Protein chains: 4
Amino acid sequence: MPPTNGSNAADRPTQILNAAIACFAKRGFHQTSMHDISAEAGISVGLIYRYFANKEAVIAALADRHKREIQALVEQARLAPSLLEAMEVLFTAHCCESSPKVISAFVVDLYAEAARNSDVADFVRDMLDTLLTGVTDLIARSPEAAQMQHGLEPREVAELIFAVARGMLMRDILQPPQMTAAERRTRQLEVTRRLWRLLFENANEPALA
Amino acid sequence: MPPTNGSNAADRPTQILNAAIACFAKRGFHQTSMHDISAEAGISVGLIYRYFANKEAVIAALADRHKREIQALVEQARLAPSLLEAMEVLFTAHCCESSPKVISAFVVDLYAEAARNSDVADFVRDMLDTLLTGVTDLIARSPEAAQMQHGLEPREVAELIFAVARGMLMRDILQPPQMTAAERRTRQLEVTRRLWRLLFENANEPALA
Amino acid sequence: MPPTNGSNAADRPTQILNAAIACFAKRGFHQTSMHDISAEAGISVGLIYRYFANKEAVIAALADRHKREIQALVEQARLAPSLLEAMEVLFTAHCCESSPKVISAFVVDLYAEAARNSDVADFVRDMLDTLLTGVTDLIARSPEAAQMQHGLEPREVAELIFAVARGMLMRDILQPPQMTAAERRTRQLEVTRRLWRLLFENANEPALA
Amino acid sequence: MPPTNGSNAADRPTQILNAAIACFAKRGFHQTSMHDISAEAGISVGLIYRYFANKEAVIAALADRHKREIQALVEQARLAPSLLEAMEVLFTAHCCESSPKVISAFVVDLYAEAARNSDVADFVRDMLDTLLTGVTDLIARSPEAAQMQHGLEPREVAELIFAVARGMLMRDILQPPQMTAAERRTRQLEVTRRLWRLLFENANEPALA
DNA sequence: TATGAATGAGCGTTCATTCAT
DNA sequence: AATGAATGAACGCTCATTCAT
């Protein structure tokens with residue numbers, strides 16, 4: 001009686017998407033064959049086509065799911081008790097072991113794909129806009145924002161935060177594979193706090209000194 | 001008197017690499033066929049194999065060249081009259097129209113490749129280390145560093161700068177293709193100055209006010 | 001009281017064959033998938049296999065039905081008040097709009113299939129023999145035959161008539177699709193009468209002149 | 001030193017087309033795989049694609065070649081010393097053993113294809129028009145035409161001749177495979193002469209009687 | 001040095017057929 | 001009687017790589 005098993009035959013599309021993201025993370029979109037996905041999922045190739053029109057549709061579905069996860073992440077961040085904690089939620093989501101989560105390699109592949117395929121570019125741009133808007137709002141409404149002395153608009157701060165996030169996500173890729181998700185998470189938290197201090201605190205510290 | 005003409009038949013490897021990076025930027029590593037490269041270079045497929053063992057070797061050679069260009073960029077940045085100008089050199093190198101320079105899509109592809117191929121990962125890590133060390137040194141020796149009040153070590157500042165740089169490089173990919181290199185460069189300069197103010201100036205400005 | 005309603009669920013085989021011939025006429029045997037047939041019939045794929053062993057069996061059953069229709073056509077022609085009218089019945093049967101009748105594309109496909117499958121060839125040969133014998137008999141017993149001056153045996157005349165019939169059936173395929181069944185029928189009648197004059201009248205006409 | 005060997009590597013396109021028509025005649029367009037063709041030609045699959053864009057292009061090239069053979073046949077018929085001999089040339093061309101000639105099964109497949117693909121239909125219609133025009137002209141200029149008493153226009157006679165030709169070509173398919181080309185040719189000549197008598201002589205014979 | 005014909009494994013995709021329900 | 005999920009061999013086609021010239 002496997003209830004929440006992500007690979008359960010009862011939800012083939014999810015099972016296929018989980019297998020697909022595992023393969024894409026390991027080998028990238030274009031080096032992953034439909035056979036790779038079917039083998040990872042433990043099903044036949046033909047079965048994938050019962051649920052997805054073609055390989056592109058698998059990628060699109062995965063991108064859609066990623067977008068929904070991202071939106072959920074923003075909602076979750078909104079509930080955080082402080083802006084710092086909200087940022088920590090957003091910044092460490094991709095430091096995870098398991099498949100149905102945001103994975104660095106997948107996102108970098110998505111950007112690489114966006115460089116040649118304008119449909120993908122539109123999609124990623126839209127996804128990024130959702131994130132930016134969410135975080136801009138988060139900042140604008142936070143008490144810390146009032147104390148910012150660097151003169152940047154909330155949107156500009158959000159852009160800077162996401163530039164760092166993307167940059168760290170790429171950095172993540174270079175970590176030796178034996179590094180655990182926990183270690184990567186720790187590293188990421190350090191960066192977040194460093195950025196935090198820069199954006200929201202350093203104008204105050206002289207006052208305290 | 002070596003012929004430095006990039007497209008000269010006398011320097012086949014360079015001619016091939018120029019063709020390759022043009023193709024890779026347009027279509028990515030794995031969607032670019034050896035025929036694509038030979039056609040772009042105006043030579044036959046077989047000739048590529050006289051100079052490069054296989055497709056991977058072409059990518060590796062291109063990565064090597066990229067590394068040398070990056071090193072040259074650091075040297076160039078070192079000669080800049082101020083740290084801000086040095087950063088502007090480093091941050092706008094990828095906003096260029098033509099082939100033998102840093103190209104966003106190529107770099108993102110390189111990171112994507114690093115995610116699956118540990119040789120590539122080692123290479124990119126090494127390249128990044130070169131850059132980081134160069135810039136750390138640049139910061140440590142700059143007069144501005146003495147005035148920094150945010151408590152970050154020069155290496156940490158360098159890491160932050162490159163995180164933003166990588167993040168902006170990914171952002172660059174999403175810009176509509178009709179945006180010119182000049183426009184993208186302007187955008188990039190804005191970010192650099194914003195980051196600059198954050199890292200080196202904002203603690204001072206209240207003092208001046 | 002057997003339900004003769006062609007599309008009634010109570011007569012699955014007929015329903016399936018009707019769907020099949022519609023598909024075959026539209027796309028040909030080998031471009032028609034079992035799914036196409038099941039969709040056209042509004043049933044599931046599996047159900048076809050309850051009534052027919054495989055796709056070939058569907059074709060064979062359709063060929064059988066076609067043979068029975070052809071035999072009925074010969075019987076009908078036999079009842080015609082004159083030989084000319086009998087010929088007109090035989091020659092215009094394939095100029096029809098709807099499914100369960102003689103369809104040009106299906107017959108040409110059947111001959112094409114006969115070229116590679118000797119079972120099909122035997123079947124078609126047998127079907128043709130039935131037709132030829134029937135028409136030979138028709139001619140031999142007609143009053144017009146006595147006046148023929150071209151010296152051909154009734155069987156030879158029948159062969160010639162069917163050669164023209166097959167030839168016109170192929171011609172029919174080339175007609176633009178917007179041509180209606182009625183128009184094609186008119187065209188076919190012209191040919192029939194022309195052939196008629198040639199076979200049975202032209203020796204007489206000078207005498208009448 | 002194979003000089004005129006139709007399968008010589010020196011003329012790959014011809015070699016491929018010869019292999020293709022052999023396969024198409026044996027199995028039909030849609031049951032013939034590219035592998036079948038490459039095996040028949042004794043080359044690899046990939047090589048076919050050096051000379052033909054895809055399977056359709058192979059069929060199109062074959063159709064084109066067929067059209068040119070047909071045109072040559074009409075020219076050849078024009079040179080025949082009498083109209084009867086011209087008709088014999090036209091009617092017996094498809095009774096041949098070897099590949100690069102008109103083959104009944106191929107033509108019937110072409111018509112079957114024309115039924116679903118309007119490009120093919122246009123092509124076949126054009127080919128038929130060439131033939132009809134050529135033969136109409138042949139008839140109009142022949143001395144026998146003057147004596148025709150059946151009242152048919154040369155174009156109508158030509159249409160009738162080709163209807164019979166197509167009909168006999170379909171008949172040809174049903175002949176047992178052990179029947180030699182020579183036997184089929186003999187059969188075909190009989191039909192031609194029978195038709196000849198009908199069209200051009202029977203008005204005269206009473207006069208001779 | 002340079003060509004491009006040739007190979008064949010592997011890709012994305014389809015579909016006849018089976019079978020648990 | 002009826003469904004449609006599931007299989008997997010086979011299709012059309014591509015491309016990295018080799019090699020005779």
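Just so it is clear, the structure is predicted and the values come from calculations on it, not from any experiment.
Judged purely by atom type and a 3.5 angstrom limit, Ser118(D) has no side-chain atom pairing as donor or acceptor with the backbone of Ala121(D). With hydrogens and angles disregarded, no donor-acceptor distance shorter than 3.5 Å links the side chain of Arg50(B) to the backbone of Gly46(B). In terms of modelled atom types and a separation under 3.5 Å, the side chain of Glu40(D) and the main chain of Ala20(D) share no donor-acceptor contact. Remark: side-chain polar atoms of Asp126(A) are not paired, donor with acceptor, to backbone N or O of Phe123(A) under 3.5 angstrom.
Within the structure, the ring pair (Phe, Tyr, Trp, His ring centres under 6.0 Å) test picks out the following pairs touching residues 23-43 of chain A (sequence neighbours left out): Phe24(A)-Phe29(A), Phe29(A)-Phe106(A).
Here dA5(E) presents its C1' atom at 15 Å from CZ of Phe52(D), a figure rounded to the nearest Å. In this structure, Arg27(D) atom CZ and dG12(F) atom P are separated by 11 Å, rounded to whole Å. Between the CD1 atom of Ile48(A) and the P atom of dA5(F) there is a distance of 15 Å, rounded to whole Å. Rounding to whole angstrom units, CG of residue Leu47(A) and C1' of dA9(F) are separated by 16 Å. Rounded to whole angstrom, the span from the CG atom of Asp11(C) across to the C1' atom of dA1(F) amounts to 15 Å.
When every heavy atom of Ile16(B) is checked against every heavy atom of Leu47(B), the shortest pair comes out as CD1-O, 4.5 Å. In this structure, Ala105(B) and Arg116(A) approach most closely via the heavy-atom pair CB-NH1, 3.6 Å.
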- Between protein and nucleotides 16-21 of chain E, map the contacts as a letter string: B base, S sugar-phosphate only, - none, heavy atoms under 4.0 Å, written 5' to 3'. SBB---

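Residues Gln31(C) and Gln31(A) both approach DNA chain E. Their nearest nucleotides, taken by heavy-atom distance, put Gln31(A) toward the 5′ side. Comparing Tyr51(C) and Gly42(A) along DNA chain F, the residue whose closest nucleotide (by nearest heavy atom) sits nearer the 5' end is Tyr51(C).
More than 12 heavy atoms of other residues, nucleotides or ligands lie within 6.0 Å of CD in Gln31(C), so this atom counts as buried by the packing criterion.
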- Query: Pairs counted as Watson-Crick or G-U wobble with both distances under 3.5 Å: what dot-bracket string results for DNA chain F, using | for bases tied to another strand?
  - Reply: .||||||||||||||||||||

